[in-house]
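Atom set for the values below is all heavy atoms of this structure, side chains included, hydrogens, waters and symmetry mates excluded. Each chain gets a letter, A, B and so on, in the order its sequence line appears, and its residues count up from 1. Computed from a prediction, not measured in an experiment: that's the story for all the values here.
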Amino acid sequence: MPKSFVVETIKRNQIVDALAKGKRLDGRGVNEYRKLEIKTHVIQKANGSAMVTLGDTQVLAGVKIDKGVPFPDTPDKGLLIVGAEVLPMAASYLEAGPPDESAIELARVVDRGVRESEMIDVSSLVIKEGKWVYSVFVDVNILNVDGNLFDATSYAVVAALLTAKMPRFVLDGDTVKDTGERLPLPVRKVPVSVTMATINGTLVLDPTEEEEAVMDARITLDTEDEGHICAGQKGEPGSFTPEQVLTAAEWSIAKGREIRQKIKEATAGG
Amino acid sequence: MPKSFVVETIKRNQIVDALAKGKRLDGRGVNEYRKLEIKTHVIQKANGSAMVTLGDTQVLAGVKIDKGVPFPDTPDKGLLIVGAEVLPMAASYLEAGPPDESAIELARVVDRGVRESEMIDVSSLVIKEGKWVYSVFVDVNILNVDGNLFDATSYAVVAALLTAKMPRFVLDGDTVKDTGERLPLPVRKVPVSVTMATINGTLVLDPTEEEEAVMDARITLDTEDEGHICAGQKGEPGSFTPEQVLTAAEWSIAKGREIRQKIKEATAGG
Amino acid sequence: MPKSFVVETIKRNQIVDALAKGKRLDGRGVNEYRKLEIKTHVIQKANGSAMVTLGDTQVLAGVKIDKGVPFPDTPDKGLLIVGAEVLPMAASYLEAGPPDESAIELARVVDRGVRESEMIDVSSLVIKEGKWVYSVFVDVNILNVDGNLFDATSYAVVAALLTAKMPRFVLDGDTVKDTGERLPLPVRKVPVSVTMATINGTLVLDPTEEEEAVMDARITLDTEDEGHICAGQKGEPGSFTPEQVLTAAEWSIAKGREIRQKIKEATAGG
Amino acid sequence: MTEEKRRLIDENGIRTDGRRWDELRPLKIEVGVVKNADGSALIEWGKNKIIAAVYGPKEMHPKHLELADRAFLKCRYHMAPFSVEERKNPAPSRREIEISKVIREALQPALFLEDYPRTAIQVYVEVLQSDGGSRVAGVTASALALADAGINMRDLVVGCAVGKVDGKVVLDLNDIEDKEGSGDMPFTFMPNLNQVTLLQMDGLFTLDEFKQAVELGKAGGMKVYQAQREALLKRYFDGAAPDSSAPAAEMMEA
Amino acid sequence: MTEEKRRLIDENGIRTDGRRWDELRPLKIEVGVVKNADGSALIEWGKNKIIAAVYGPKEMHPKHLELADRAFLKCRYHMAPFSVEERKNPAPSRREIEISKVIREALQPALFLEDYPRTAIQVYVEVLQSDGGSRVAGVTASALALADAGINMRDLVVGCAVGKVDGKVVLDLNDIEDKEGSGDMPFTFMPNLNQVTLLQMDGLFTLDEFKQAVELGKAGGMKVYQAQREALLKRYFDGAAPDSSAPAAEMMEA
Amino acid sequence: MTEEKRRLIDENGIRTDGRRWDELRPLKIEVGVVKNADGSALIEWGKNKIIAAVYGPKEMHPKHLELADRAFLKCRYHMAPFSVEERKNPAPSRREIEISKVIREALQPALFLEDYPRTAIQVYVEVLQSDGGSRVAGVTASALALADAGINMRDLVVGCAVGKVDGKVVLDLNDIEDKEGSGDMPFTFMPNLNQVTLLQMDGLFTLDEFKQAVELGKAGGMKVYQAQREALLKRYFDGAAPDSSAPAAEMMEA
């Protein structure tokens, strides 16, 4: 975000002063999330979809499932590909264009959380080994930016996958036939992303955009159902003490449990 | 075209004053075309070709016909693809580079006229359904720009297709063999593009570049042999009254008939 | 290279004055090369590799050999593709980005020398005609620029090819199997690139970067083992007298013989 | 347009989705849905779900393209990868580039761009789900987003496509009619100034059918105009304060 | 260059198209063919049909690349998609980028660029139909287009390729000789200043053959120079006023 | 990370390459290897061969992106096409773009960028041969290249990856362990300031394992810091004058 030096300094002071009293400008405590809403089945032409609203951050994920050709080095696995576009309408300072390094990092980190948790059993997404597999594309459009895109995007991707219905494909000679049946994806786990930032030495959960503008560094940790950490990413040009990293790990496990429950409720019934 | 505000105003006044008397700067009436010349068989290495000169606008179209693979959703149709490049040599204000939105619109509108008139029977351009079809590429180079590229490009494309000779391909086991025979394309109709502009409320045919510089809006309508309208495109940031749109439709049918005759004469004998 | 007009003039005068005495700023005569070092087997993950140091110009070439699909017009030939990237770290004025015209010319001229000398017998790099061939990629990274990239790159490519080991592939039904055996490439000749520049009418061999900054024109001629000239390229916006061209041809043959010997010694044993 | 494969209008004049020839598909519009934008609107029309958002007037980038006597109007029409049956590559296609141009040119006649010299006004049209007539729906939503952004306007712009199905001129094609019908004419106009601002066409229309199509497009557009006005009234006088945006999630039908 | 597959010169020293070893293919040049350009020329040489057009001296874009002491010379060599046997993708290939560079460097020695500081001179070479020797034909046409544009020049630049066919050095390869011969040397020079401005080579030439090739290239080029001069005379003194351009269509052989 | 296919640690606690759980692979660093660069370093670590080179502080391009209060730090991590088993396309991949960003952010905390307002500092990391842990090796080499370029620094930055193999947390994964192990955590920090500057993770770690990994990463990093310091000492006090760069060729093991 482009920053005016003077405005930034004033805002920083405000934020830091509040944090000194254990508070944030929007009234939250350091380890509280903003209001999280998850709405599924919003795009009928997608196999699965979810709109996530986290404070004023809003993202829409859509899943498209088709037959595809496996990668040569994983002939026995289906394709699962996460993409993210921060729509230029999502904030005043954005411009249309190919994804920049931040959008690429966003998509790759969200992808990592889904992939490393082994949320989807890609081994069972095979139609004929080496020839035909299921391809699962999850595309995310960020509609409005107000901080913590990593978590909002991750929840939208996970909720869209949890409620997706895939066609059952069968081999028909050399090609593939859609049986017309619809099945849920082979889900094994529900990974949850938890993002934290340090501001003047204080660790806070779920930073807003104005907090991100003054934060020193960011850390995202994903956990799965058993509380194991399955993906991580430090970002931004600051640093953490090792102690802060361990606190972040603990928070990610605790908060992850709460949010997993919310995601499960929002997606119950598929 | 980059415009100097002062020059544009003077030119606009000149053009508008003349139109008030029913005349244009080059002496034409509002519903007259400039001199149209069509020359075919100018590129021996192409399967068909035509050079069209409309006033000082000059364009060259070349047709290349080969075997190709059909699109998955139209396994029973040949490929017919129109491309256009406004060569950077064609006017002083142009630069080399990928096609901009105007060149893309030009190619797509010309393509629409050819496609929607069903000029070429693409169903008969199939060698083996789903596997091998004829691919017909029509590429247009705009050599010199003096207004009304839509019509000049369309005539060049149509004349090049009317005089093209395609190889007769036959299946040879799994592949395709050229028999050496040459056939005309399966032509059913001759679509004709007619472009009009409004300048200060007056509708004129075949605008020159200096007229385009001051026009409010542009409309292109294509008609086929029976006088049906088969494609249309309004362009530029002005508007038309509904009555002007209907007049444009009538003109496109009447002028289309005249120009179709010219195209047929220029391409007689294939 | 971006040039300061004043510095360039002073440097030019220095270089020209020295040449008037038959000398160069680094003490060489007009037809002497800088120190040439060739080190092979530097990249274990490549099938072949060579680091070449020519004065302070340093380039690294790596060969990757795999199975591939032949070009439709040469079903009976293996693929041999040379690419070059001038790394942005190689000089202060460079920027990251796709190869510019100089890098493209460099890769194409080096490719031409290897290809036209018929150094590698591509006809024997066929696994099954029209279906499977060997693909040989030679990629060059320029690590540090101090003039005469053409020769340094060419020597690195040739030395990497001379010491490359290719897998022996055999047909296995419809696919290709690696037998595990490793063989040298089918080498027939050792082409040698010799680059010369004119500065104020004087022809010099192996120009440094400061000489290139003031040179009028450049000429590169490749010769093969029997002393035939097999590739040539004049570059830069100056010109040569026909006599200079013939002198360049003679020098390329004589110097080529010396350098071929060095390359053979550095690559002896494969 | 391919040849028609089945009857799209039955013997009672009823279309595949139950409409008569001159009826619109269900239409729902909400103004003010993108919090950060200066103006925005969500339109749900048939299966179309489209958000238009406007930023500006704002500084023009790159500077040297700014216009001394008016605002530079920019428009991007873009489809989400999941908005259509087959996943769409997110890079802009030639079709999207052309539609971006015609939408911009459909909106420009309604704007007093001369009130904002040296600035840029940016319109984003994002198709979240696509159905027949997405470009005219995009124009309709964009006109509202521009009004919501407070840009000075001569008139709104409304759109409605007209098509030919089973040899009849009918209003507002749905997806199947768009694919299997024999003609389509997207059409937008300024309802009070009675000026056509977008017209495209494919298929085969006789002169009479073409005239009918223009008439029908205007009649259909006037119904859309009604919905536009209601959406604006709801936004500005119906309780909700102008500065509060309802997140798009709350409005989209699950 | 691949191995030779058939005899390309018969026992009487006659080539596949009826020429002797030192003959040019038919050559026709017309100056002033692109109305909007400051200078232009159409060359038809063998089956080559190439237009060169020049704009400038004009303002340099982008500004920060302008040169304080001379004009910035730009050149684009480009092939039409239909100019070759297999349709060519219209995006510039690596080959076209290299040839654009060597053509620019072949023309630059002939130009007084120092007469036009801070400006740009742009040369466009468009290959409408391609045959052997298109780059030297492009240089030959470009030199005329530059002269037609009134750019100050030291000399014209002429080009002619020399090749090796059936073990013999011959002038001006045609398409078949280019593909099946054993060597090709595109060659351009300034005819009065006797300076070589472009030289490329592939194939295998002994030192003697290389010397012959340079000699033959010069001799062939002098014939091309004759045609260049006639085209200029025709343009400027043969009835046609300098400001009237004959459209390219009128000249191209059907 | 895929499921583990074979034992990667034997019954004696020995890994496939003979190391114990807390041992580094062989590590060799040389400072000053790219003649033209302002600073540079070559690191050979396991099979990694990586050059880092620094230019700057220098003028910022494009000008309008320069920062009034500090230097603009740029970083490019790039892999040579021959650096991996399957030839890599030379165009930057999404993976390389992400790693470029995290390396830049790993270095920035150590730099007094505020000492160089309005300038650019450019770090290039070129992977000539890639093995497990190339990004932390890149950070380690880059920190030295920055020091060699004379940029003011708060501290060096050192890196070491920690992984999980056969259910055990071990130091500095090699290629096989990286592919077949069950977790990897690249980790860099400032050794004197005790600040973590890069942390990424995949696989599955319990909270305890995660804590062990951070501890082990720090311990391993301190050994790397030792090697960094020796390389700097060798460059600046061990005979070689600071301005003489040893060409990379002389150091790379054949």
Who wins among A:Pro98, A:Ala46, A:Ala91 for the most heavy-atom pairs under 4.5 Å with chain D?
A:Ala91

Would you compute the distance between atom CG of D:Asn89 and atom CZ of A:Phe137 and round it to the nearest 0.5 angstrom?
9.0 Å

Just verifying a value: how many Å separate A:Asp139 CG and D:Arg87 CZ, rounded to the nearest 0.5 Å?
4.0 Å

Heavy-atom distances under 4.5 Å only: say whether D:Asp131 touches chain A with side chain, backbone, both or neither.
both

Identify which part of A:Lys64 has an atom lying under 4.5 Å from any heavy atom of chain D, answering side chain, backbone, both or neither.
side chain

Pairs of heavy atoms under 4.5 Å with chain D: top-ranked of A:Val138, A:Asn47, A:Leu87, A:Asp146
A:Leu87

Closest approach of D:Arg76 and A:Ala96, non-hydrogen atoms and distance?
CD-CB, 3.7 Å

Euclidean distance, D:Lys35 NZ relative to A:Leu143 CG, rounded to 0.5 Å
15.0 Å

Shortest non-hydrogen separation from A:Ile43 to D:Lys49 and the atoms involved
CD1-CD, 4.1 Å

In this structure, CG of D:Asp175 is separated from NZ of A:Lys45 (nearest 0.5 Å) by 4.0 Å

Ignoring hydrogens, what is the shortest heavy-atom contact between D:Phe82 and A:Ala61? Give both atom names and the distance.
CE2-C, 4.2 Å

Is it the side chain or the backbone of D:Val54 that comes within 4.5 Å of chain A heavy atoms, both, or neither?
neither

Part of A:Val145 within contact of chain D (heavy atom distance under 4.5 Å)
both

Region of A:Ile38 in contact with chain D, defined by heavy-atom distances below 4.5 Å
neither

What part of D:Gln122 gets within 4.5 angstrom of chain A, counting heavy atoms only: side chain, backbone, both, or neither?
neither

So NE2 of D:His78 and CE of A:Met89: to nearest 0.5 Å the spacing works out to 10.5 Å

When rounded to the nearest 0.5 angstrom, what is the spacing between CG in A:Asn141 and CD1 in D:Ile51?
9.0 Å

Does atom CG of A:Asp174 have more than 12 heavy-atom neighbours from other groups under 6.0 Å away?
no

